[in-house]
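Here's the structure we're looking at; comments come further down.
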Amino acid sequence: MMDHTSAHRVWRVGADIDTDALAPGAYMKFGIDEIARHCLQRVRPEFAAQVQPGDVLVAGPNFGIGSSREQAAAALVRLGVAAVIAPSFNGLYFRNAFNVGLLLLTCPQAEALADGERITFDATAGRVGREQGGTHSELHCETVPAFLMDMVRAGGLLNLLKQRQTS
């Protein structure tokens, strides 16, 4: 699990980001590595090539609308995205994300975060920390329940079940 007390770079996208933008249909016949290389190419063409492990994707409302393809969440995991922060998520996307180990933070004020800004976050406390001009401030998010954090820490539901089976 990543240390979320360290600073994470923000990548901003708008509202209504659909699963086809995250995992373009034209690449669905390929494996997750190829799908991830085209993640968000329609919205942020540079994203897949420039995102760094630990970076955070910040979006507007309705993130993950569209089809139920779990590759839309898995592509972000493959690229090393630490979390997606948005005011709201599609229900199927929300479930798929945690199932593949992607942390989602529901934060009504997410759109206040700027592209390229460096933030910290504590998912279990529901806080996003910002440093602006020497001043620290926080945005409040919904807390992530322990059972979902267990899934994220394990790298997804299947990994969690395997761990529990062997312990």
Side-chain angles (χ1 to χ4, degrees), residues 1-13 15 17-19 21-23 31-33 35-37 39-40 44 47-48 50-113 115 117-130 138-167:
M1 177 87 186
M2 292 180 193
D3 171 19
H4 297 302
T5 58
S6 60
H8 303 273
R9 179 179 178 218
V10 168
W11 287 82
R12 277 294 309 268
V13 293
I17 298 297
D18 62 30
T19 53
L22 295 160
I32 194 63
D33 289 333
I35 294 168
R37 277 194 278 280
C39 184
L40 292 171
R44 297 276 315 250
F47 178 76
Q50 295 179 14
V51 67
Q52 298 292 312
D55 286 355
V56 173
L57 189 61
V58 174
N62 303 317
F63 189 84
I65 59 173
S67 76
S68 62
R69 60 182 80 154
E70 91 172 8
Q71 295 91 336
L76 293 174
V77 170
R78 183 57 57 127
L79 293 170
V81 170
V84 179
I85 304 172
S88 61
F89 296 91
N90 170 275
L92 281 171
Y93 188 86
F94 190 88
R95 184 178 193 139
N96 284 337
F98 283 97
N99 283 346
V100 299
L102 178 62
L103 178 62
L104 303 183
L105 294 173
T106 304
C107 183
Q109 304 154 317
E111 292 175 289
L113 298 169
D115 193 58
E117 182 175 349
R118 302 207 55 91
I119 62 169
T120 59
F121 61 86
D122 181 340
T124 56
R127 290 191 301 257
V128 172
R130 311 171 77 186
E138 289 185 346
L139 301 180
H140 298 281
C141 305
E142 292 179 16
T143 57
V144 177
F147 77 97
L148 292 178
M149 286 306 301
D150 288 345
M151 287 171 52
V152 170
R153 285 186 197 101
L157 179 60
L158 290 178
N159 289 339
L160 180 64
L161 294 174
K162 287 176 189 172
Q163 287 175 6
R164 289 184 177 169
Q165 199 170 31
T166 58
S167 40

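Residues take their numbers from the sequence shown, with the count starting at 1.
- With a 4.5 Å cut-off on side-chain heavy atoms, V84 and L105 do not count as touching.
- Between C39 and A48, the shortest heavy-atom distance links the atoms O-CB, 4.0 Å.
- In this structure, the separation between CZ on R9 and CG on L57 is 11.5 Å, given to the nearest 0.5 Å.
- Counting heavy atoms from C-beta on, the side chains of R130 and E138 never come closer than 4.5 Å.
- Of the inter-residue distances, the one linking R127 atom CZ with I119 atom CD1 reads 13.5 Å to the nearest 0.5 angstrom.
- From L157, atom CG reaches atom CG of D150 across 11.0 Å, with rounding to the nearest 0.5 Å.
- Closest heavy-atom contact between A86 and F63: CB-CB, 4.2 Å.
- Pairs passing the side-chain hydrogen bond (donor to acceptor under 3.5 Å, both in side chains) check and including a residue from residues 65-75, sequence neighbours excluded, read T19-S67, D20-R69, S67-R69.
- Side-chain contact check for E111 versus P61: some heavy-atom pair is nearer than 4.5 Å.
- Under the side-chain hydrogen bond (donor to acceptor under 3.5 Å, both in side chains) criterion, no residue pair touches residues 84-105, with sequence neighbours excluded.
- Listed for the N62 side chain is no donor-acceptor partner under 3.5 Å among the backbone atoms of A15.
- In terms of heavy-atom proximity, L139 sits nearest to C107 at CB-SG, 4.0 Å.
- Considering CZ of F89 and CD1 of I65, their distance stands at 13.0 Å, rounded to 0.5 Å.
- Looking only at side-chain heavy atoms (C-beta outward), T106 and C141 stay at 4.5 Å or farther from each other.
- For A36 against L79, the heavy-atom pair with the smallest separation is O-CD1, 3.7 Å.
- Nearest heavy-atom pair across N159 and A154 is CB-O, 3.0 Å.
- Between the CZ atom in F94 and the CG atom in L148 there is a gap of 5.5 Å [rounded to 0.5 Å].
- Between V56 and F121, the closest side-chain pair of non-hydrogen atoms falls below 4.5 Å.
- Residues forming a side chain to side chain contact (heavy atoms under 4.5 Å, CB included) with T124 (at least two apart in sequence, or on another chain): D122, M149, R153.
- Side-chain contact check for H8 versus I85: every heavy-atom pair is 4.5 Å or farther apart.
- Among residues at least two apart or in separate chains, there is no salt bridge (charged side-chain N to carboxylate O under 4.0 Å, His left out) pair with a member in residues 97-107.
- Between A21 and I17, the shortest heavy-atom contact is CB-CG2, 4.2 Å.
- Looking at heavy atoms from C-beta onward, L160 lies out of side-chain contact with F147 at the 4.5 angstrom threshold.
- In this structure, L76 CG and W11 CH2 are separated by 12.0 Å, a value rounded to the nearest 0.5 Å.
- Among residues at least two apart or in separate chains, salt bridge (charged side-chain N to carboxylate O under 4.0 Å, His left out) pairs with a member in residues 75-92 are D33-R78.
- In this structure R12 satisfies the salt bridge (charged side-chain N to carboxylate O under 4.0 Å, His left out) test with no other residue, sequence neighbours excluded.
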